[in-house]
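Have a look at the structure below before the remarks.
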Protein chains: 2
Amino acid sequence: MADPSPTVARAGFPVSRQVLADHVYEALLEWLMDGRLEPGAAVSIDGMARELDVSPTPVREALARLEHTGMVRRVALKGYRVAPVFTREDFAELMEARLSIEPVNARLACSRMTPDGLDALKQAVEDLKTAPRGGTFAEYRGYLEADERFHQLIAAQANNQFLLAAYNTLGGQIQRFRLFGGVGITDAEQAIAEHQAVLDAMTSGDPEKAAAMMVDHVEKVRGRAMADAPSD
Amino acid sequence: MADPSPTVARAGFPVSRQVLADHVYEALLEWLMDGRLEPGAAVSIDGMARELDVSPTPVREALARLEHTGMVRRVALKGYRVAPVFTREDFAELMEARLSIEPVNARLACSRMTPDGLDALKQAVEDLKTAPRGGTFAEYRGYLEADERFHQLIAAQANNQFLLAAYNTLGGQIQRFRLFGGVGITDAEQAIAEHQAVLDAMTSGDPEKAAAMMVDHVEKVRGRAMADAPSD
DNA sequence: GCGCGTGCGTTCCTATAGGATTTGTGGCAT
DNA sequence: ATGCCACAAATCCTATAGGAACGCACGCGC
């Protein structure tokens, strides 16, 4: 093993330490999100263990957790595979689910917004505006991250653990679709304006308007994506 | 093990076999739902392995999956514990989340209802009416099961994998609360009437009314529970 | 040529062993 | 009596080994 000292325990991190399965989980999640693991690809337990230089046991545990997020699927005695690409129907269902949850999150978040939360939201929109959005993944990665962060912050500010959990499950799928939907970033200006509209409603403290702006945003995202990607 | 022939492959069930971790998962889920594992109790990996007469490995995998459902919580290097009892705030959040998702499910289910689905719903309401509802868990278990089944069927009929997944996460928590909310079944007549109202709207094919009746039901459930259980 | 059984490598699945960590207990000094 | 340290048991965590199942290629018979 490369590192003979398993318990590094860097000074200042006495609590909430991480075990190997956590690192494996994060590594796999990152690989799923940045396209290193493509949809449909097999995720071999032993293979990942070799790749990450750990034993299969923590890999198995990490995959068991990932399965429940919908990122990978398991077939008994056959192993795990990365979830297949979204069909048009899958995407429509995902947007339908977003339309059920995100406006509610926006309304609640607006009512319960903290000053720090609002600052974080403003920062996310600012990052959206300044993020580079070139043609390669590395170039628009920051943009995607800011987009996801914006929605995630709203879900968190709604201050409801169940809605947050529900959104987080969707959020992973949304992020994965953004990556494999395959159209890069073609709608940045419009998307930024829609995000700004949601933020403005939040700033002015108008929950109903925040919800309405979120509905508007998600519907327009759906419209643009359905027009852009007639793949299926 | 009782069955020495692992690949019995009973006629009609050639596919989708189960491995030990699946059985462990189901056993733990059942114990969590029965109340055999009480909130706050430690769920020792080795202990459960001894209890179920398997090795710790499949237990670890089952618990990793369960963690994502919110039924158990994990602390690194300390182990798993059954999620604590709901506080009043937790319950309010759960109902808020239900109000966001279930009416949408009801609306969509009404639009997309199949004849078989409607029959299953009618059966669930019928079971609610006829189920015994005595004082012990064994006596009102059938009632709880029919209640959960009614909502689960609606979520399934909404025909949206993401909304279904979101509901299922909530559904487990709802069921767990019903058990540990601690007030038994005191509102059967009213609850049955509310379920019937949802079913009637579904039968008549009125999606908006179905959604409205669902809102009404969940709000009344919240009201009754908040009045019954001023525990916190 | 085509279907089918056989053999082999890969992978999954489970059990087991041992190191690392936490927790509870008892003794000691203050 | 209180606080602190050492020790021990229980538990978690990781690695490893071996049995079982799967997938694939090869070869045989029709």
Side-chain angles (χ1 to χ4, degrees), chain A residues 1-28 31 37 40-68 71-83, chain B residues 1-10 13-28 37 40-68 72-83:
Chain A
M1 191 148 291
D3 187 354
S5 66
T7 46
V8 294
R10 299 203 306 275
F13 259 91
V15 295
S16 184
R17 298 185 314 187
Q18 288 197 146
V19 291
L20 266 189
D22 294 327
H23 290 291
V24 174
Y25 181 88
E26 287 171 13
L28 288 176
W31 291 358
L37 289 172
V43 184
S44 155
I45 294 174
D46 292 341
M48 287 300 141
R50 283 190 297 270
E51 189 107 3
L52 294 166
D53 198 34
V54 296
S55 81
T57 311
V59 176
R60 175 175 294 277
E61 186 175 332
L63 282 170
R65 286 190 233 165
L66 275 173
E67 185 195 1
H68 212 283
M71 309 281 260
V72 299
R73 300 190 179 187
R74 182 180 75 97
V75 178
L77 299 178
K78 286 192 53 180
Y80 290 88
R81 306 190 78 85
V82 183
Chain B
M1 281 273 131
D3 188 353
S5 64
T7 45
V8 50
R10 298 203 305 275
F13 257 92
V15 296
S16 182
R17 300 185 315 185
Q18 288 199 143
V19 291
L20 263 191
D22 294 328
H23 289 292
V24 174
Y25 181 87
E26 288 171 12
L28 288 176
L37 290 172
V43 184
S44 156
I45 295 174
D46 292 340
M48 285 301 141
R50 284 191 296 271
E51 189 106 5
L52 294 167
D53 197 34
V54 297
S55 81
T57 311
V59 175
R60 175 175 295 277
E61 185 174 333
L63 281 171
R65 286 191 233 164
L66 274 173
E67 185 195 1
H68 207 280
V72 299
R73 299 188 179 190
R74 181 181 75 97
V75 178
L77 298 178
K78 287 191 54 181
Y80 292 88
R81 306 190 77 85
V82 182

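Chain identifiers are assigned alphabetically (A, B, ...) following the order of the sequence lines, protein sequences preceding nucleic acid strands; residue numbering begins at 1 within each chain. No experiment lies behind these values; they were computed from the predicted model shown.
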Less than 4.5 Å apart, side chain to side chain, heavy atoms only: is that true for Met48(A) and Trp31(A)? yes
Please determine whether a side-chain nitrogen or oxygen atom of Arg81(A) lies at a distance below 4.0 Å from atom OP1 or OP2 of dC12(C). no
Determine: side-chain N/O of Lys78(B) to OP1/OP2 of dT23(C), distance under 4.0 Å, yes or no. yes
Given atom OH of Tyr80(B) and atom P of dA10(D), what is their separation to the nearest angstrom? 22 Å
If I take atom CD1 in residue Ile45(B) and atom C1' in nucleotide dT11(D), what distance separates them, rounded to the nearest angstrom? 8 Å
Between protein and nucleotides 14-17 of chain C, what N or O pairs are separated by less than 3.5 Å?
from, atom 1, to, atom 2, distance (Å)
dT14(C), OP1, Leu20(B), N, 2.3
dA15(C), OP2, Ser55(B), N, 2.5
dA15(C), OP2, Ser55(B), OG, 2.7
dA15(C), N7, Thr57(B), OG1, 3.1

For Leu63(A) and dC13(C), what is the distance between atoms CG and P respectively, to the nearest whole Å? 10 Å
Which heavy atom of Val72(A) sits nearest to which heavy atom of Leu63(A), and what is that distance? CG2-O, 4.2 Å
Whole-Å distance between dA10(D) C1' and Arg50(B) CZ? 9 Å
Ala62(A) versus Ala21(A), closest heavy-atom pair with distance: CB-O, 3.8 Å
Looking only at non-hydrogen atoms, find the nearest pair between Glu67(B) and Tyr80(B) and report the distance. CB-CE2, 4.3 Å
Any side-chain heavy-atom pair of Met71(A) and Val43(A) under 4.5 Å: no
Consecutive-pair stems (3 or more, Watson-Crick or G-U, under 3.5 Å) for DNA chain C: C:1-30 with D:1-30
Contacts of Ala83(B) meeting side-chain contact (heavy atoms from CB on, under 4.5 Å) (sequence neighbours excluded), chain-then-number -> Arg73(B), Arg176(B)
Residues which pass salt bridge (Lys or Arg N to Asp or Glu O under 4.0 Å) with Glu26(B), listed by chain and number, not counting sequence neighbours: none
With Arg50(B) via side-chain contact (heavy atoms from CB on, under 4.5 Å) - residues at least two apart: Asp46(B)
Calculate the interatomic distance between Asp46(B) atom CG and dT11(D) atom P; express it in whole Å. 7 Å
Go through the structure and list residues passing salt bridge (Lys or Arg N to Asp or Glu O under 4.0 Å) with Arg65(B), not counting sequence neighbours. Asp22(B), Glu61(B)
From dT22(C), dT11(D), dC12(C), pick the nucleotide closest to the side chain of Ser44(B)? dT11(D)
